[in-house]
Amino acid sequence: MCRAHLIAPSVLSADFGRLNEEVRAVEAAGADWLHLDVMDGHFVPNLTMGPDVVRAVRRATSLPLDVHMMVSDPGRYAPRFIDVGADWVSIHYEACPEPRGVIADIRARGARPSLAVSPDTPLEVVAPSARDLDMVLVMSVYPGFGGQQFIPGSLAKLEDARRLRQRLGLGFLIEIDGGITVDNAGAAAQAGADVLVAGTAIFGAPDRGTAITAMRRNIAAVAAPA
């Protein structure tokens with residue numbers, strides 16, 4: 001089966017002083033989703049956006065909103081982001097090593113649950129929850145700050161995720177987040193990524209449409225069937 005590959009610009013790299021304009025620009029440029037990084041200053045050493053920012057993005061676009069929760073208590077905060085428009089919600093295994101209850105609550109509230117794993121966490125920790133998930137998020141940088149360099153070993157973890165999906169006969173999406181560029185997007189897709197999060201590579205490009213088109217071209221050139 002061949003899967004479509006989705007490109008999700010990371011709003012963390014946008015100009016927040018022109019948020020509506022930035023969101024509409026990447027939508028017009030061909031983005032499939034928008035990715036929003038929520039950081040609490042505790043689970044990771046950075047503070048980013050709260051529900052009001054997600055609400056503002058929701059008002060500016062009809063694209064699916066992919067909310068990545070880098071927080072210590074995802075069960076407490078996930079409902080707030082679903083209430084303001086999150087379509088997908090990723091929680092971190094490292095913050096919630098027994099995630100099934102939170103996953104079930106996310107789904108019950110009408111959003112699609114995802115489990116994220118940081119670079120030092122083996123992909124196999126996803127297996128006990130895999131049947132309850134709609135997506136697995138592989139971090140290809142250490143969570144906390146945008147603009148980091150892609151960790152090459154993340155490609156092997158994408159392959160692990162694809163093998164897990166095949167072994168269990170499941171259909172969850174595989175997302176990659178961190179350091180994705182036009183140049184490495186094809187390799188990530190070939191390794192197993194269905195959803196590619198890119199921040200600086202899109203929001204920092206002189207022409208967002210050209211960047212997204214180039215990314216799609218490189219993905220199409222090398223991407224293997226799922």
Side-chain angles (χ1 to χ4, degrees), residues 8 10-13 33-55 57 64-148 150-151 153-154 156-158 160-161 164-165 170 172-180 193 195-197 199:
S10 174
V11 174
L12 188 63
S13 296
W33 292 4
L34 288 172
H35 185 85
L36 298 106
D37 289 307
V38 175
M39 306 182 197
D40 65 357
H42 185 261
F43 178 68
V44 292
N46 195 12
L47 282 167
T48 56
M49 62 192 74
D52 286 345
V53 174
V54 176
R55 181 185 290 110
V57 173
L65 301 188
D66 172 32
V67 174
H68 177 191
M69 303 199 67
M70 288 171 268
V71 303
S72 293
D73 191 355
R76 177 182 178 187
Y77 291 106
R80 302 185 191 185
F81 288 91
I82 296 168
D83 288 345
V84 296
D87 298 293
W88 294 76
V89 176
S90 294
I91 64 170
H92 265 266
Y93 171 84
E94 299 82 9
C96 190
E98 298 292 339
R100 285 189 171 178
V102 180
I103 291 167
D105 187 59
I106 289 169
R107 189 180 300 284
R109 292 174 184 274
R112 304 188 72 172
S114 166
L115 190 61
V117 289
S118 294
D120 293 336
T121 301
L123 193 283
E124 194 60 31
V125 302
V126 171
S129 306
R131 297 185 187 279
D132 303 319
L133 297 170
D134 287 335
M135 188 164 70
V136 171
L137 168 54
V138 172
M139 289 296 295
S140 43
V141 298
Y142 287 96
F145 294 91
Q148 298 181 63
F150 181 84
I151 297 172
S154 305
K157 191 173 287 186
L158 288 172
D160 289 342
L164 176 67
R165 181 171 66 189
L170 300 177
F172 58 76
L173 296 177
I174 301 169
E175 183 173 48
I176 186 79
D177 179 12
I180 293 296
V195 184
L196 294 92
V197 176

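Start at 1 with the first residue, then count along the sequence. Hydrogens, waters and symmetry mates are skipped; everything else that's a heavy atom, side chains included, is used.
- In this structure the side chain of Leu173 never reaches within 4.5 angstrom of the side chain of Val136, judged on heavy atoms.
- Put simply, the side chain of Asp177 does not reach to within 4.5 Å of the side chain of Leu196, judged on heavy atoms.
- Using a 4.0 Å cut-off between charged side-chain N and carboxylate O, Arg107 and Asp134 make a salt bridge.
- Rounding to the nearest 0.5 Å gives a distance of 14.5 Å between CH2 of Trp88 and CG of Leu34.
- Using the six-membered ring where Trp is involved, Phe43 and His92 have ring planes that are tilted, between 30° and 60° apart.
- Between the side chain of Ser140 and the main chain of Gly178, a donor-acceptor pair closer than 3.5 Å is present.
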**OP:** Could you walk me through whether Val89 and His68 pass the side chain to side chain contact (heavy atoms under 4.5 Å, CB included) test, one step at a time?
**Re:** CA-CA 6 Å; Val89 176; His68 177 191; over 6 Å; no
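- Lys157 contributes a side-chain N or O that, together with a main-chain N or O of Ser118, makes up a donor-acceptor pair within less than 3.5 Å.
- Across all their heavy atoms, Ala127 and Leu164 have their closest contact at CB-CD1, 4.0 Å.
- Distance check, rounded to the nearest 0.5 Å: OG of Ser129 to CD1 of Ile103 gives 4.5 Å.
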**OP:** Could you go through the side chain to side chain contact (heavy atoms under 4.5 Å, CB included) check for Val71 and Met39 one step at a time?
**Re:** CA-CA 6 Å; Val71 303; Met39 306 182 197; over 6 Å; no
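- Taking each heavy atom of Val141 and Pro119 in turn, the nearest pair found is O-CG, 3.2 Å.
- Put simply, CD1 on Ile106 and CG on Leu115 are 9.5 Å apart, with the number rounded to the nearest 0.5 Å.
- Minimum interatomic distance between Asp132 and Pro113 (heavy atoms only, all atoms of both residues): O-CG, 3.7 Å.
- The side-chain heavy atoms of Val138 and Glu175, taken from C-beta on, include no pair separated by under 4.5 Å.
- Scanning both residues, Pro97 and Ala95, for their nearest heavy atoms gives CD-C, 3.7 Å.
- Residues Val38 and Phe81 form a side-chain contact, since some pair of their non-hydrogen atoms from C-beta on lies under 4.5 Å apart.
- The CG atom of Asp66 lies 11.5 Å from the CZ atom of Arg112; values are rounded to the nearest 0.5 Å.
- A salt bridge links Arg55 with Asp52: the closest approach of a Lys/Arg side-chain nitrogen to an acidic carboxylate oxygen falls below 4.0 angstrom.
- Counting only heavy atoms from C-beta outward, the side chains of Ile176 and Val197 never approach each other to under 4.5 Å.
- Considering CD1 of Ile174 and CZ of Arg165, their distance stands at 3.5 Å, rounded to 0.5 Å.
- Side-chain polar atoms of Asp120 and Tyr142 form a donor-acceptor pair below 3.5 angstrom.
- Using a 3.5 Å distance cut-off with no hydrogens or angles, the side chains of Ser114 and Ser90 do pair a donor with an acceptor.
- By the 4.5 Å heavy-atom criterion applied to side chains, Met70 and Asp40 are not counted as neighbours.
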Subject >> Stepwise side chain to side chain contact (heavy atoms under 4.5 Å, CB included) check, His35 with Val11 >> reply: CA-CA 6 Å; His35 185 85; Val11 174; over 6 Å; no
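- Taking all atoms of both residues into account, the shortest heavy-atom contact from Pro79 to Asp105 is CG-OD2, 3.8 Å.
- The side-chain hydrogen bond (donor to acceptor under 3.5 Å, both in side chains) test applied to Ser10 returns Asp37, not counting sequence neighbours.
- Heavy atoms only, all atoms of each residue included: Leu133 and Val126 are closest at CD1-CG1, 3.8 Å.
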**OP:** Run the numbers on Val195 and Trp33 for side chain to side chain contact (heavy atoms under 4.5 Å, CB included), then give the verdict.
**Re:** CA-CA 9 Å; Val195 184; Trp33 292 4; 3.9 Å; yes
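- At a threshold of 4.5 Å between non-hydrogen side-chain atoms, the residues Asp160 and Glu124 do not count as touching.
- Between Glu94 and Thr121 the shortest side-chain heavy-atom distance falls below 4.5 Å.
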